[in-house]
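Just so you know, ligand 1 is whichever comes first in the structure, and atom 1 is the first atom listed for that ligand.
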Amino acid sequence: MKYKALKGVQDLIPPEIELWQHIEDVSKAVFKVYGYKELRVPIIESTDIFLRSIGETTDIVEKEMYTFPDKAGRSITLRPEGTAPVVRAFIEHNLFNLNPPQKFYYHGPMFRYERPQAGRFRQFYQIGVEAFGIDDPKLDAEIICMLRHTLEEMGLTGLEFELNSIGCSNCRPKYRESLKEFLSGRLVRLCPDCQRRFELNPLRIMDCKVTGCIELRQGAPRVIDFLCEDCRNHFDKLKDYLQLLNVSFAVNPDLVRGLDYYTKTTFEVTTTSLGAQKAVAAGGRYDRLVEEFGGPPTPAIGFAIGAERIASLLKDNYVYQSSGPVIFFATLGGEASATALKIADSLRTKGLYIEVGYDVMSLKSQMKRADRLGALYTVILGEDELKSGKAILRDMQTKKQSDIPIDAIEENFLNRIVA
Ligand code: ATP
Ligand code: MG
């Protein structure tokens with residue numbers, strides 16, 4: 001075989017594609033009842049928007065971006081996530097002039113140059129939402145509830161919600177200092193990445209996946225103990241709302257998330273059945289990003305669901321719905337074939353799934369195909385049937401056969417579907 005898909009990407013082919021459509025359809029239906037509208041942003045963006053938002057000392061920016069110069073020498077990046085493009089679009093189209101909260105969802109491929117493994121791809125699909133303009137923990141609770149609703153509606157069970165608050169520009173500097181003080185004695189034993197992060201962005205060290213760093217940060221101060229009054233109130237109210245809504249969650253003070261733009265609420269949904277790549281969705285509040293992008297001060301919150309991980313959780317129990325054609329026309333002879341094709345064409349314009357046999361196939365192999373496709377009925381039409389004006393109608397389930405006037409087939413089936 002000469003050509004193969006690149007490493008870390010995959011083709012989604014039938015019948016599995018149906019599971020992906022299910023994941024997308026469910027999310028769209030659930031988002032709709034919470035008032036979210038679709039926003040479709042490009043796959044390519046100017047590199048700056050990711051540097052500015054995700055942060056220069058994060059894994060995504062340091063190691064994972066697909067960045068290249070275009071023919072005019074501009075630096076282009078294949079989007080590694082959806083929030084920054086949505087924020088860019090939000091400002092570019094003055095969407096902040098709409099009544100808050102402005103709620104949007106997106107879905108589509110993201111690109112990260114990661115080491116491919118189970119649940120980790122270089123092109124993967126995210127379904128995400130972003131809500132702008134309201135700094136009320138009720139919105140945080142609503143969005144977390146919507147995420148639970150979406151994942152449960154997709155068919156997931158055994159979900160665990162982890163929650164944290166990482167504070168704001170008031171309280172984080174104090175935490176930063178305290179964390180640096182704690183880590184300073186351990187600095188030489190941290191991984192080279194974390195040694196760099198120590199000055200640039202010490203919070204990132206709390207997110208490092210290297211075993212040595214995980215051990216070295218045992219007993220480190222926790223951001224949750226440094227929250228200012230506003231952040232603390234916000235977090236307390238959010239927890240109250242989640243209790244009210246029966247969302248069970250665990251506070252995880254280590255959940256700092258791998259992106260710089262978060263403030264206050266961060267959350268992640270994990271499942272026990274995925275092994276190492278166990279996060280199926282993650283999100284948080286980012287109250288400063290719109291302003292940093294040049295828009296008016298606008299609080300915001302969002303999440304993204306990783307579709308591959310959902311698909312791998314659902315695939316063993318998913319029942320494929322794809323139904324066969326309503327009618328399969330098995331024909332013998334040119335005239336019968338043409339008659340059937342006309343009826344089929346007309347029924348298809350009315351929205352019915354119809355298949356026809358092709359003349360290169362024997363009647364027997366046409367019947368076999370009807371069976372394999374799972375047709376509800378087969379209409380058999382040959383020269384004799386044309387002469388008598390009646391075709392043979394075979395109910396593929398009961399195997400019973402009866403006659404049906406050829407010129408009544410169309411009406412008969414249209415009525416049947418309406419009835
Ligand atoms: P992880 O800790 O697994 O690397 P992350 O923090 O980088 O996740 P986010 O940027 O928050 O992930 O993306 C949200 C979701 O997208 C994740 O919870 C995960 O389900 C999914 N995701 C992230 N990276 C990948 C990838 N390379 N392949 C498949 N899914 C991914
Ligand atoms: Mg990652």
Side-chain angles (χ1 to χ4, degrees), residues 5-10 12 19-20 23-24 27 49-50 53-55 57-66 77-87 105-130 143-144 147-148 150-151 154 156 158-164 166 193 203-211 213-214 252 254-262 265-286 289 301-315:
L6 295 173
K7 217 173 137 192
V9 307
Q10 58 177 350
L12 301 173
L19 173 56
W20 292 76
I23 292 170
E24 286 169 15
S27 55
I49 77 155
F50 300 112
S53 56
I54 297 169
T57 54
T58 56
D59 278 354
I60 295 182
V61 167
E62 284 183 330
K63 303 174 194 160
E64 300 173 359
M65 291 207 308
Y66 277 91
T77 293
L78 299 183
R79 62 181 186 195
E81 55 106 53
T83 302
V86 169
V87 169
Y105 76 85
Y106 60 85
H107 57 96
M110 305 295 159
F111 303 84
R112 296 185 196 175
Y113 196 79
E114 302 203 65
R115 193 170 68 78
Q117 51 195 293
R120 202 171 281 291
F121 297 87
R122 288 181 172 168
Q123 173 172 336
F124 60 100
Y125 286 80
Q126 280 188 343
I127 301 169
V129 306
E130 314 291 350
I143 226 172
I144 291 172
L147 176 57
R148 176 184 66 168
T150 310
L151 296 172
M154 285 172 184
L156 294 180
L159 300 169
E160 284 169 13
F161 280 75
E162 288 181 18
L163 192 66
N164 194 23
I166 58 168
D193 280 342
L203 199 65
R204 281 277 72 74
I205 298 174
M206 300 306 285
D207 196 41
C208 180
K209 311 251 170 22
V210 175
T211 324
C213 296
I214 296 174
N252 174 1
D254 292 335
L255 187 72
V256 297
R257 312 275 305 111
L259 306 99
D260 270 1
Y261 52 64
Y262 286 117
T265 313
T266 57
F267 53 93
E268 199 163 273
V269 187
T270 56
T271 138
T272 39
S273 30
L274 268 183
Q277 268 56 256
K278 62 190 173 77
V280 293
R285 192 165 260 290
Y286 51 96
L289 189 59
I301 179 166
F303 67 69
I305 300 173
E308 281 72 13
R309 296 183 194 177
I310 308 280
S312 85
L313 283 166
L314 294 181
K315 70 176 189 309

Separation between CD of Glu62 and OG1 of Thr57, rounded to the nearest 0.5 Å: 6.0 Å
Nearest 0.5 angstrom please: Ile143 CD1 to Arg148 CZ, how far? 14.5 Å
Given side chains that start at C-beta, do those of Lys278 and Thr272 come closer than 4.5 Å, heavy atoms only? no
Rounded to the nearest 0.5 Å, the CD1 atom of Ile54 sits from the CG atom of Asp59 at a distance of 11.0 Å
Students should find this: residues with any non-hydrogen atom under 4.0 Å from ligand 1. What is the answer? Arg112, Glu114, Gly119, Arg120, Phe121, Phe124, Gln126, Lys209, Arg257, Ala279, Val280, Ala281, Ala282, Ala304, Gly306, Arg309
Would you give me the side-chain donor-acceptor pairs under 3.5 Å for residues 122-130, sequence neighbours excluded?
from: Arg122; atom 1: NE; to: Glu114; atom 2: O; distance (Å): 2.8
from: Arg122; atom 1: NH2; to: Glu114; atom 2: O; distance (Å): 3.3
from: Gln123; atom 1: NE2; to: Tyr125; atom 2: OH; distance (Å): 3.1
from: Glu130; atom 1: OE1; to: Tyr286; atom 2: OH; distance (Å): 2.6
from: Glu130; atom 1: OE2; to: Thr83; atom 2: OG1; distance (Å): 2.8

If we only count heavy atoms from C-beta on, is the Ile166 to Val256 side-chain gap below 4.5 Å? yes
